[in-house]
Amino acid sequence: MIILGLNAFHADSSAALIRDGVLVAAVEEERFRRVKHWAGFPSQSIAYCLREAKLSLKDVDHIAVNQDSRANLLRKIGYLLTHRPNTALVFDRMRNRRKRESIPDLLAKAMPGQRFVGAFHNIEHHFAHLSSAFHVSPFDDAIVVSVDGFGDFSSAAWGAGQGSALSVDSRVYYPHSLGIFY
């Protein structure tokens with residue numbers, strides 16, 4: 001199974017390619033664009049990963065994007081009902097969401113002549129962090145932790161990996177964040 005993981009339209013945009021549980025290639029887009037913490041569609045990172053693996057898009061079974069706008073939806077609604085949102089931030093989040101929804105179109109434009117026939121998956125932000133650490137590790141069992149600014153309305157998550165299964169035991173939700181504090 002071949003999985004292409006994407007961090008798109010978020011700081012440090014990047015791509016990683018995994019073949020049968022083994023990391024084949026991974027790179028941040030800033031390495032090609034020469035813009036620190038570049039946040040956009042990682043077209044050059046995708047191309048690099050495919051070249052390194054000697055594959056084309058048609059060979060990829062799954063594309064995982066590290067954001068799921070439906071994650072923690074009730075918490076988001078609760079927060080909006082109890083806190084007056086910054087209008088500029090709300091519009092920025094909406095623009096970002098529209099960009100992420102256009103990933104299939106951007107992929108087709110970036111890779112002309114290469115058609116992706118696999119499945120797209122929106123993965124909750126911290127679950128993606130946990131998975132990227134555990135599923136390519138040499139361990140059959142492990143405790144996994146993710147701490148950063150915030151993504152999908154949480155700033156940290158922890159759980160356990162066992163075999164190919166991964167569980168999230170708990171989270172820290174926005175606005176509480178060690179990453180933002182740092």
Side-chain angles (χ1 to χ4, degrees), residues 3-18 23-53 57 60 62-73 75-76 79-80 83 85-112 114 116 118-133 135-136 144-157 171-182:
I3 302 169
L4 179 63
L6 302 180
N7 174 26
F9 304 108
H10 187 71
D12 304 318
S13 292
S14 57
L17 193 130
I18 298 169
L23 180 64
V24 176
V27 65
E28 288 186 9
E29 192 74 5
E30 71 179 29
R31 300 297 179 229
F32 303 106
R33 297 191 186 257
R34 303 291 188 219
V35 177
K36 193 74 174 156
H37 305 301
W38 191 81
F41 184 68
S43 58
Q44 294 181 50
S45 296
I46 294 167
Y48 170 83
C49 289
L50 291 172
R51 273 193 316 274
E52 284 297 301
L57 271 179
V60 175
H62 301 276
I63 293 180
V65 180
N66 71 330
Q67 192 267 344
D68 183 358
S69 60
R70 294 169 296 170
N72 305 311
L73 188 57
R75 288 212 177 243
K76 290 176 191 175
Y79 187 83
L80 284 173
H83 297 80
N86 177 325
T87 308
L89 179 63
V90 171
F91 283 121
D92 181 56
R93 293 282 123 209
M94 290 170 59
R95 275 191 301 273
N96 194 290
R97 182 177 178 187
R98 278 194 300 276
K99 288 178 187 175
R100 288 175 193 265
E101 289 172 350
S102 68
I103 287 178
D105 296 330
L106 292 168
L107 193 59
K109 184 178 176 182
M111 306 286 164
Q114 295 188 45
F116 175 64
F120 276 97
H121 306 275
N122 289 311
I123 309 297
E124 190 274 332
H125 184 82
H126 287 280
F127 192 83
H129 279 309
L130 299 175
S131 178
S132 71
H135 285 116
V136 297
V144 287
V145 178
S146 169
V147 179
D148 68 3
F150 71 93
D152 288 332
F153 213 69
S154 66
S155 61
R171 301 175 180 281
V172 174
Y173 294 97
Y174 180 85
H176 309 291
S177 172
L178 285 174
I180 292 173
F181 176 74
Y182 171 76

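The figures here come from the full heavy-atom set of this structure, side chains too, leaving out hydrogens, waters and symmetry mates.
For the residue pair Ala11 and Ala39, the shortest heavy atom distance occurs at N-CB, 3.8 Å. Taking each heavy atom of Ala25 and Cys49 in turn, the nearest pair found is O-SG, 3.7 Å.
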Between Val65 and Ile123, is the side-chain contact (heavy atoms from CB on, under 4.5 Å) condition met? List the steps. CA-CA 6 Å; Val65 180; Ile123 309 297; over 6 Å; no
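For the pair Ser177 (side chain) and Phe150 (backbone), a donor-acceptor distance under 3.5 Å is absent. In this structure a side-chain-to-backbone donor-acceptor pair under 3.5 Å is present from Ser155 to His176. With hydrogens and angles ignored, the 3.5 Å screen pairs a side-chain donor or acceptor of Gln114 with a backbone N or O of Leu57. Formation of a donor-acceptor pair under 3.5 Å by the Ser14 side chain with backbone atoms of Glu29 is not found in this model. For the pair His126 (side chain) and Ser154 (backbone), a donor-acceptor distance under 3.5 Å is present. Using modelled atom types, one side-chain atom of Asp152 and one backbone atom of Asp68 make a donor-acceptor pair closer than 3.5 Å. A donor-acceptor pair is defined here as one N or O able to donate and one able to accept, closer than 3.5 Å; such a pair exists between the side chain of Glu30 and the backbone of His37.
Of the candidates Leu6, Ile46, Ile3, Ile63 forms a side-chain contact (heavy atoms from CB on, under 4.5 Å) with just one, namely Leu6. Under the side-chain hydrogen bond (donor to acceptor under 3.5 Å, both in side chains) test applied with His129, the options Asn66, Asn7, Asp148 reduce to a single match, Asp148.
The side-chain tip of Arg75 points at the ring of Tyr173 from less than 6.0 angstrom away and within 45° of straight on.
His125 and His10 have perpendicular rings, their planes meeting at more than 60° on a 0 to 90° scale where under 30° would count as parallel. Between Tyr174 and Tyr79, the angle of the ring planes goes over 60°, which puts this pair in the perpendicular group of the 30/60° scheme.
When side chains are defined from C-beta on, Glu52 counts as touching Tyr48, because their heavy atoms get closer than 4.5 Å. Between Ile103 and Phe9 the shortest side-chain heavy-atom distance falls below 4.5 Å. Contact of the Leu4 side chain with the Phe116 side chain is not registered, since no non-hydrogen atoms from C-beta on lie closer than 4.5 Å.
The number of heavy-atom neighbours closer than 6.0 Å to CG of Leu23, taken from other residues, nucleotides and ligands shown, is above 12.
A donor-acceptor contact under 3.5 angstrom links the side chains of Arg33 and Ser43, judged on distance only.
Separating the CZ atom in Arg171 from the CZ atom in Phe153 is a distance of 12.5 Å, to the nearest 0.5 Å. Here the OG atom belonging to Ser131 is positioned 11.5 Å from the CD atom belonging to Glu124, to the nearest 0.5 angstrom.
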